[in-house]
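Below is one structure; the comments refer to it alone.
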Amino acid sequence: MVSSPMIDLIHNQLPLEQECLELTEDGRNGLVLVDIINGFCTVGSGPLAPTEENNQISGMIVEAERLARMFCEKRWPVMAFIDSHHPDVPEHPYPPHCLAGSDESNLVPALRWLEREPNVTIRRKDCYDGFIGSFQDDGSNVFVNWIKTNKIKSLLVVGVCTDICVLDFVCSTLSAKTRGFLSPLDDVAVYSKGCATFDFPLEVAQTHKHGLAHPQELMHHMGLYMAKQRGAKIVDRVSVAEA
């Protein structure tokens with residue numbers, strides 16, 4: 001973890017208490033992977049991809065794969081959101097990225113095997129928020145139906161970016177749960193080690209006309225903190241209780 005006076009100050013003023021998520025063998029558990037795709041995670045794979053190896057992103061992929069394999073071995077439901085945009089529909093303030101049909105809009109190599117798993121639902125979305133991106137033309141929602149069909153009570157979320165697509169999805173999910181749209185869902189947990197965001201330091205942002213600084217460690221912490229403010233559990237350990 002990178003340390004600096006600013007980050008230390010934020011951690012001291014906005015401490016983030018994390019817990020262990022214990023999944024039960026007989027429970028109704030679901031895993032959501034948010035945008036773990038080449039365009040955000042694989043070096044050199046587009047304008048929003050890292051330009052060099054990044055420890056936070058690499059660690060996120062390792063943890064996401066570990067959890068995905070565990071869920072698939074147990075035949076627990078998994079949903080993977082994939083950013084997939086039409087070239088004529090911009091997503092301000094970002095440049096064109098993850099265009100439909102491009103390799104940017106594919107799962108990272110470590111997760112491509114998920115496409116063959118019977119318990120995995122792939123949902124391509126054209127906006128930040130996977131909940132909103134799950135609405136279909138007839139008004140139905142793929143994510144809502146997935147929760148209800150699988151009778152999911154405990155939802156675990158991993159992916160990128162912690163403070164953007166992950167946070168937006170978590171906030172919408174928690175609001176929908178409060179309104180009673182996601183019964184029988186009880187808990188939404190975000191696994192901190194299974195999430196990551198990008199790094200765009202101030203000194204780099206200042207060289208871009210419309211650049212907004214986005215220090216990685218700070219924004220990762222803030223994304224988790226805000227998710228907890230909305231009612232999500234923030235966890236740094238995930239285990240399965242013995243039957």
Side-chain angles (χ1 to χ4, degrees), residues 1-22 31-37 39-45 47-67 83 93-94 97 108 110 128-130 155-175 187-239:
M1 177 183 296
V2 177
S3 182
S4 72
M6 173 74 73
I7 292 172
D8 291 341
L9 176 63
I10 294 296
H11 285 182
N12 288 333
Q13 294 297 312
L14 300 174
L16 182 64
E17 184 177 345
Q18 302 188 50
E19 56 189 290
C20 176
L21 177 66
E22 189 171 72
L31 175 66
V32 166
L33 301 100
V34 179
D35 289 343
I36 309 179
I37 58 177
F40 297 139
C41 303
T42 301
V43 174
S45 294
L48 300 186
T51 57
E52 59 185 14
E53 289 296 328
N54 182 278
N55 289 336
Q56 190 183 93
I57 293 173
S58 297
M60 174 274 300
I61 293 173
V62 169
E63 290 299 307
E65 182 186 12
R66 179 179 67 84
L67 290 173
D83 214 41
Y94 300 104
H97 62 279
V108 296
Y128 305 116
D129 185 339
L155 185 68
L156 179 59
V157 183
V158 298
V160 295
C161 289
T162 318
D163 56 310
I164 305 174
C165 295
V166 172
L167 178 63
D168 284 3
F169 167 71
V170 167
C171 289
S172 292
T173 297
L174 289 167
S175 293
D187 296 311
V188 177
V190 180
Y191 178 40
S192 59
K193 296 176 184 177
C195 291
T197 193
F198 66 93
D199 193 30
F200 198 54
L202 177 61
E203 61 270 21
V204 178
Q206 288 174 332
T207 66
H208 290 68
K209 184 177 180 181
H210 301 294
L212 291 173
H214 190 278
Q216 184 181 51
E217 191 64 38
L218 174 60
M219 299 309 293
H220 177 66
H221 180 85
M222 291 306 302
L224 297 171
Y225 191 87
M226 288 188 285
K228 186 165 186 174
Q229 277 189 322
R230 302 303 194 276
K233 292 180 179 179
I234 307 301
V235 303
D236 55 5
R237 290 153 290 154
V238 180
S239 63

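Worth saying up front: this structure is predicted, and the values here are computed from it rather than measured.
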Counterpart residues, side-chain contact (heavy atoms from CB on, under 4.5 Å), relative to S239 (two or more places apart)
C20, E22

What residues form a side-chain contact (heavy atoms from CB on, under 4.5 Å) with E63, not counting sequence neighbours?
R66, Y191, K193

Show which side-chain atoms of residues 220-227 pair as donor or acceptor with protein atoms under 3.5 Å away, not counting sequence neighbours.
residue: H220; atom: ND1; partner: T162; partner atom: OG1; Å: 2.8
residue: H221; atom: ND1; partner: H11; partner atom: NE2; Å: 3.4
residue: H221; atom: NE2; partner: L14; partner atom: O; Å: 2.8

What pairs with D129 under side-chain contact (heavy atoms from CB on, under 4.5 Å), at least two apart in sequence or on another chain?
F131, I132, D168, F169, S172

On a heavy-atom basis, the closest approach of V158 and G194 is CB-O, 3.1 Å

Taking only residues two or more places apart in sequence, or in another chain, which ones meet S45 in a side-chain contact (heavy atoms from CB on, under 4.5 Å)?
N38, T42, A49

Residue pair V190, C195: steps toward the side-chain contact (heavy atoms from CB on, under 4.5 Å) verdict:
CA-CA 8 Å; V190 180; C195 291; 3.7 Å; yes

One pair to check against side-chain contact (heavy atoms from CB on, under 4.5 Å): E53 and V43. What are the steps and the verdict?
CA-CA 6 Å; E53 289 296 328; V43 174; 3.6 Å; yes

Quick one about Q56 and T197 (side-chain donor to acceptor, distance below 3.5 Å, no hydrogens or angles considered), yes or no?
no

Residue E17 excluded, over 12 heavy atoms near CD under 6.0 Å
no

Rounded to the nearest 0.5 Å, what separation is found between the CG atom of D8 and the CD atom of Q13?
11.5 Å

Determine yes or no for a side-chain-to-main-chain donor-acceptor pair under 3.5 angstrom, with H214 supplying the side chain and F198 the backbone.
yes

Spatial distance of atom CE (M219) from atom CD1 (I164) [nearest 0.5 Å]
7.5 Å

With sequence neighbours excluded, what pairs up with D163 under the salt bridge (charged side-chain N to carboxylate O under 4.0 Å, His left out) test?
none

Does any part of the side chain of D83, heavy atoms only, come nearer than 4.5 Å to the side chain of I37, both counted from C-beta?
yes

Does the side-chain contact (heavy atoms from CB on, under 4.5 Å) test come out yes or no for Q216 and N54, once each step is laid out?
CA-CA 10 Å; Q216 184 181 51; N54 182 278; 2.9 Å; yes

Taking all atoms of both residues into account, what is the closest heavy-atom pair of M60 and C41, and its distance?
CE-SG, 3.8 Å

The complete set of salt bridge (Lys or Arg N to Asp or Glu O under 4.0 Å) pairs with one or both residues in residues 219-236, sequence neighbours excluded, reads D187-K233

Pairwise distance CG(L48) to SG(C161) - rounded to 0.5 angstrom:
8.0 Å

Could I get the full list of ring pair (Phe, Tyr, Trp, His ring centres under 6.0 Å) partners for Y128, not counting sequence neighbours?
none

Sequence-distant partners of E19, side chain to side chain donor-acceptor pair (under 3.5 Å), two or more places apart
none

Test log, rule side-chain contact (heavy atoms from CB on, under 4.5 Å), inputs L67 and L156
CA-CA 10 Å; L67 290 173; L156 179 59; 3.8 Å; yes

Measure the shortest side-chain to side-chain distance between V166 and V160 over non-hydrogen atoms and say whether it is less than 4.5 angstrom.
no

